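Let me begin by presenting the structure, written as structure tokens, before commenting on it.
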Amino acid sequence: MAEAAVRYWLFQANPKVFRLRDALQAEALKSFAVTSHAKDISVGDKVVLWQSGRLPACFGLATVIAAAGDYPIDTEEASFFVEQPIEAQRVMLRVEYNLWQKPVTRDIVLADEVLSQLPVGLPGANFAITEAQYKQMEQWAQRIDLVAEPAVTYEPRQAVDHPLNLILYGPPGTGKTYQAVNHALSIIEGRPLEELALEERAFLKRRFDEYLGAGQIAFVTFHQAFTYEDFVEGIKPLATQEGLSYVIQDGIFKLMCNDARNLFIETLLNEQPPPAFQLQFSRLYAEFLAFLKTPAFTYFQTADNKRLFLHRVLPYGNLAVRPEKSFTVYTIQKKLLRKLYHRFESVEEMMADEALPHMVGTKDTSAYIAIMAALHQFEVDYHMQQIVQQQWTPDGESALDVIEDVAALSDQLIAKCKRFVLIIDEINRGNVPAIFGDLITLIESDKREGRLEAISVVLPYSKTYFSIPPNIFILGTMNSSDRSTAQLDLALRRRFAFKALYPDPSLLPKLAISPMIAGINLEKLLAAINSRIEVLLDRDFAIGHAYFLEIDTLDGLKQVFAQSVIPLLEACFYGDLQKIGWVLGRDFVKIKSPDQFELADFDGVMPGEWQTASRFELVPLEGLQEAAFIRIYDKNYQG
């Protein structure tokens, strides 16, 4: 029987659903969803692996090793799904060329006569292509493979080193607040900024908003009326039925520190529970049974994400449970749970022990694993409840001993804590020394909780001890053209790292909606303007590239000049129109016609330079044509 002819396909992944490049980097890609052509795809067929999105490219070539079927998704592969995978048949793949490090980009494809007709970017996931197109892509893959750098070991979600206190500074329009979103996600998710830059902005913003809603990110803008009472704590009026009263109210920074500390302590208890907090099993199990009877408990969850419902609590503490969609009831014995609790320190250790089925007397150990996981989690939550209920005051000897016992923790342990990010926009606009107050010392990395030099202070209103946990990051933004930058407190400067964000005209061809507008090269236009500003004044007063990203018409460019560029130039040159003329040219600034004027009756002679000095005025932008903008970077243009 003749072998079936090999067919050729293009499989397209949307990075909002599945991170194809990351999966290839981790060598975790084993299968692909088939939403069309399922009956036509056979073993031995060849596949181009394409990722759409902001930076579309071919990241690999593969061979089909199993036809479409209802295969489970590999656990490692599943970690790269951004959204719940659709219910569809999948084909199994073997990657032949892994191009995650050096892909065949869309620019290469569009410039190639054979590849330019590939159905990339179209709605859908599975497309038939020609043998010639696949062979041409394979040739590109072979060329790239010869010059590609050696692959590096992939460590998913490896922690990225970020300073605890960082200020992003630069001229207006350089994307400081925009970049703050990426930095916050990089801190929380432990992913490099370069990797996040490959994702769609809408998806990054959605995740940012989710963290914001969960309290893991907070956003505040400093201004002249912002105070210590708003930031840390203060006495605020409270209207009640009995009348007006005054209460001590926590500010945004203190609230976030409290949340970060609770999770910091939870991590400590998970990783190295202090002996003082280890409970006897009988006491712990009694509290656990009480919890199972409350509305807060719904069901146990097995390792494969199936539900296990509590049927009832039996005599002697045994549990009757039943799986989801089943009427079969199993008995879980308390004496076996006790044995497992004392034998294993974690659920992971228990699952790895091959003797577990013999210990519980059944091959199906999922129920015991699920209940032990719930018991361990309850133990952590119970410890946290006991800690939070204690008062941490200068006079109390029972003050959060767990905090005092965590000095000199390893960086590896602190890195396991869930991270929090406070974004302070326009940090230099507020009275920074007054807002931070006595916390200015505590924000230093070596003064945080868990460090050898950890320090705490007594807050002025609540009279309670306060320190800053090591898992909270402060991310500020600062406008370098704002003259209040020079007034930034020197003590604050020493405690923050600074990262400059200057205009980058070279980004316009990649990011702007229309890099060329009516023959005007926006990259050259912005580069010329900023080079002159840097000579006449300083690079801190340059014009940001962000102003030019969303325009695609000449009228839009005129609007950007009228509302942003010219006002910024007037501000940095203090209204000196002659200097603005040196930047933009005579198409935008002209010498004002001499006026007839007469001085008031007064003694003395008017200086000669005042009589002959030229006066200038701005040319209305409405009447300008594209030639005026081109002459900003090409003086000899005559169009």
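Please read all numbers here as calculations on a predicted model, not as lab measurements.
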Got a second to check how far [X]'s [atom1] is from [Y]'s [atom2], nearest 0.5 Å?
{"X": "K524", "Y": "L526", "atom1": "NZ", "atom2": "CG", "answer": "14.0 Å"}
{"X": "N165", "Y": "F496", "atom1": "CG", "atom2": "CZ", "answer": "4.5 Å"}
{"X": "L511", "Y": "L549", "atom1": "CG", "atom2": "CG", "answer": "6.0 Å"}
{"X": "Q133", "Y": "L10", "atom1": "CD", "atom2": "CG", "answer": "9.0 Å"}

Open item on the list: Walk me through whether I443 and I468 qualify under side chain to side chain contact (heavy atoms under 4.5 Å, CB included).
Closed with: CA-CA 7 Å; I443 66 174; I468 299 177; 3.6 Å; yes
Please work out which of the three classes, parallel, tilted or perpendicular, describes the rings of [Y] and [X], given edges at 30° and 60°.
{"X": "Y8", "Y": "Y134", "result": "tilted"}
{"X": "F18", "Y": "F32", "result": "perpendicular"}
{"X": "Y502", "Y": "Y169", "result": "perpendicular"}

TODO: Could you go through the side chain to side chain contact (heavy atoms under 4.5 Å, CB included) check for L356 and L340 one step at a time?
DONE: CA-CA 9 Å; L356 182 60; L340 296 174; 3.7 Å; yes
Task: side-chain contact (heavy atoms from CB on, under 4.5 Å) partner of F420, the single match among N471, I187, I217 - done: N471
- [ ] Can you spot which of L99, I108, T105, L61 makes a side-chain contact (heavy atoms from CB on, under 4.5 Å) with W140?
- [x] I108
TODO: Establish, for the pair R201 and Y178, whether the NZ or CZ atom is under 6.0 angstrom from the six-membered ring centre and no further than 45 degrees off its axis.
DONE: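 Here R201 passes the 6.0 Å and 45° test against Y178.
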Without swapping roles, check the side chain of [X] against the backbone of [Y] for a donor-acceptor pair under 3.5 Å.
{"X": "E550", "Y": "I513", "answer": "no"}
{"X": "K176", "Y": "P171", "answer": "yes"}
{"X": "K30", "Y": "E27", "answer": "yes"}

Open item on the list: Other residues, nucleotides and ligands only: do more than 12 of their heavy atoms fall within 6.0 Å of CD on E113?
Closed with: no
Open item on the list: Are more than 12 heavy atoms, taken from residues, nucleotides or ligands other than E349, located less than 6.0 Å from that residue's CD atom?
Closed with: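 Yes.
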- [ ] Show your working on side chain to side chain donor-acceptor pair (under 3.5 Å) between Q12 and S52 and close with a plain yes or no.
- [x] CA-CA 7 Å; Q12 180 171 254; S52 60; 4.9 Å; no
Open item on the list: Whether the N530 and E534 side chains hold a donor-acceptor pair (N or O, under 3.5 Å, no angle test) is what I'd like checked.
Closed with: no
Task: side chain to side chain contact (heavy atoms under 4.5 Å, CB included) between R448 and I472, worked out - done: CA-CA 10 Å; R448 303 284 188 100; I472 186 167; 3.5 Å; yes
Task: Name of the residue among H162, E194, E195 meeting side-chain hydrogen bond (donor to acceptor under 3.5 Å, both in side chains) with S186 - done: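 Among H162, E194, E195, the one that satisfies the side-chain hydrogen bond (donor to acceptor under 3.5 Å, both in side chains) with S186 is H162.
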Task: P15 and R21, any side-chain heavy atoms less than 4.5 Å apart - done: no
Task: Note, P470 side chain near E449 side chain (heavy atom, < 4.5 Å) - done: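 Contact flag for P470/E449 side chains = yes.
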TODO: Check step by step if side chain to side chain contact (heavy atoms under 4.5 Å, CB included) holds for K499 and Q179.
DONE: CA-CA 11 Å; K499 181 177 180 180; Q179 286 296 329; 5.9 Å; no
Open item on the list: Let's go through K46 and E138 carefully: what are the C-alpha distance in whole Å and the side-chain angles of both, what is the deciding distance for salt bridge (Lys or Arg N to Asp or Glu O under 4.0 Å) to 0.1 Å, and is it a yes or a no?
Closed with: CA-CA 10 Å; K46 301 295 183 178; E138 189 176 36; over 6 Å; no
